[in-house]
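Below: one structure, written as structure tokens.
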Amino acid sequence: MAETIKAGIAALRTLESWGVTHLYGIPGGTFNNMMYALDEEQARIKYIHVRHEEVGALAAVADGKLTGHIGVAFGSAGPGATHLFQGIYDAKMDKVPTLFLVGQVEQRFMNADFFQELDEDPMFQDGAVYARTVTTARSLPHVIDEAIRRAYAARGAAVVIIPNDLPAEPIPADGYYSAAETHATPVLAAGSDEQVDAALRLIGAASRPVLYVGQGVRGAADTVMTLAKKLQMPVITTALGKPIIPYEFEALLGSAARVASKPANEALRVADLIMFVGSNYPFAEVMFSPKAKFIQIESDPKTLGKRHHTDVAILADAPATLEKMIARSDDAPSSDWYQANVDNVKNWHQYNDDMMQRTTGDMRFEPVFGQINRLATDDAIFAIDVGDVTQNAVRLLKVTGRQAWTTSGLFATMGAGLRAALAGQLSLPKRQVFNLTGDGAAAMVMQDLDTEVRYHLPIINVVFSNNALGYIEDEQEDDGHEWFGIDMPPIDFATVAKGMGMTGITVTQVSELADAFDEAEANRIAGKPTLIDAKITNERPIPVEHLQLDPDRFDAPTIAAFKKRYYADKLVPFSEFLQAHHVPIG
Ligand SMILES: CC(=O)OP(=O)(O)O
């Protein structure tokens, strides 16, 4: 008789052939035959037993965000399946190839409202790029291979639903194969000479051009900076593009809108040309002037022309096109516009440095970031949660260009920090990993601090505790509404951490911060996680989307009140730098 293999084992071997080293989940009765396969394959693929499927699902997406390789999570039928949705939508919105395996009741019970049985096929259709139920044991590894190829091709979530009886069935050992070794992604060329020249002509005619880059320029920081200097175009990045360009680059304005920096918002208000590269930034529709000339370089036809009226549209590989622009352009003369932006960045950095070095008064979030910058290694991984911490991290982390920085970008689901930290430390175990989170988000996922302990993941967890949903609080303030439903009674996160078996440190004074972070770093080096609960004031981060600094737009008392509230005495409105450099705003 021909040699056989259990279908579940063949399914896992298919995952292994694609380089999957670990997968996250929680077993249930409808996934047990896959669990028995995982037990047999333990030496080759690691099962990470999370405390909540949602954490596993988002960690799998973060694996993809951090490494470019597909991450995998699973859940059993019914509640296990529905808990995966957060990951499925994060993968969809940030375009990350991710595989989700979902249990289903045995075939003989399907389609008749059995215990925990849901009609899973339609459930996943909106979020996933591919969602199918396996119908024979023999096709199980084949459908997994199909799902992975679809996830990579469409850059999203693929879901394979597995009736529990199938993985236990034997199939011919030579009856399946994987496309992993021959898998390739299409390589786009650079834009044509004509397209590049048309873009260069527009830039040459502009007075106040900016370069706005997203994830599509990953790995091409030097190219972006060279072109920016050559054409005298200051650079703005999306939040997810933040780690690509080093903080120290003189003309890096930061990000725009609210999770953003002052120089980027100010420059965008007056820019007369935006070159939008490798980005699907949705706030472009409100942040970019409709009057500005617009060049877009994009690899996804669905995104080309989506966010703004476009003068030159280039469907192409972004870094290759930027290289071609460097090759086909002459050095622009030194520009007053560029220099005014460089000065604005210096002033903004000085403000943030002063805030991070502040030792007086109650503890705000900035000195905590000062410590993170002090300790961060050259290739640290920052797993950033959603809320005030996202905007503060965008502004304050002094990224080197070799570090990784990830969050839930467009779906913006809270609790994303811990999940991405698990992924970072599992996928890139030698690197220093920070989980930076607010207290609301930390409370949503704190059960999985235990996962850090059980798998010896030496993550430095920092909780910014202000007893409020700060980001929403500020929105309510801007709406002119009294705060409602945003306060949260304090949680002693250090005690929670200790209860989970890790070091927990509460910090209430700036003077205690350095020791706490030194202890966390010593623990990390010894292979142990730490949680620092930083009890910060509930003061609002400076609203760079509503600056009240410019005497041309605000009266003196308004400016004085703004400066007092945000400690912004030395912060200079961009208009002053524009005037000093004689840049006309037409
Ligand atoms: C969503 C939110 O408001 O979070 P935070 O309290 O961390 O700002």
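Counting starts at 1 for both ligands and their atoms, in listed order.
Of the polar atoms of D439, none of the N or O atoms is found under 3.5 Å from an N or O of ligand 1, judged by distance alone. Ligand 1 has an N or O atom lying under 3.5 Å from an N or O atom of G470, backbone or side chain. Between N466 and ligand 1, no pair of N/O atoms sits closer than 3.5 Å.
Every residue two or more places apart in sequence or in another chain that forms a ring-ring contact (aromatic ring centres under 6.0 Å, His included) with F369 is listed here: F464.
The salt bridge (Lys or Arg N to Asp or Glu O under 4.0 Å) analysis of residues 435-457, with sequence neighbours excluded, yields the pairs R51-D450, D450-R454.
Interface atoms of ligand 1 facing G438, defined by a heavy-atom separation under 4.0 Å, are 7 (O). Atom numbering of ligand 1 starts at 1 in the shown order; those under 4.0 Å from a heavy atom of D388 are 5 (P), 7 (O), 8 (O). Applying the 4.0 Å criterion to heavy atoms of I472 picks out, from ligand 1, the atoms 3 (O).
G387 CA, 3.6 Å is the protein heavy atom nearest to atom 4 (O) of ligand 1. In terms of protein heavy-atom proximity, atom 2 (C) of ligand 1 is nearest to Y471 CB, 3.7 Å.
Between D569 and K563 there is no salt bridge, since no side-chain N of the basic residue sits under 4.0 Å from a carboxylate O of the acidic one. Salt-bridge formation is detected for the pair R524/E521: a Lys NZ or Arg NE/NH1/NH2 atom is positioned less than 4.0 Å from an Asp or Glu carboxylate oxygen.
Without hydrogens or angle criteria, D90 side chain to Q86 main chain gives no donor-acceptor distance under 3.5 Å. D550 places a side-chain N or O within 3.5 Å of a backbone atom of D552 that can act as its donor or acceptor partner.
Taking the six-membered ring wherever Trp is involved, the centroid distance between the rings of F74 and F100 does not fall below 6.0 Å.
In this structure, A468 has a heavy atom closer than 4.0 Å to ligand 1. Residue contacts with ligand 1: V389 is excluded, as none of its non-hydrogen atoms falls under 4.0 Å.
When heavy-atom distances to ligand 1 are checked against a 4.0 Å cut-off, M414 comes that close only through its side chain, counted from C-beta outward.
In this structure, OG1 on T237 lies 9.5 Å from CG on L253, to the nearest 0.5 angstrom.
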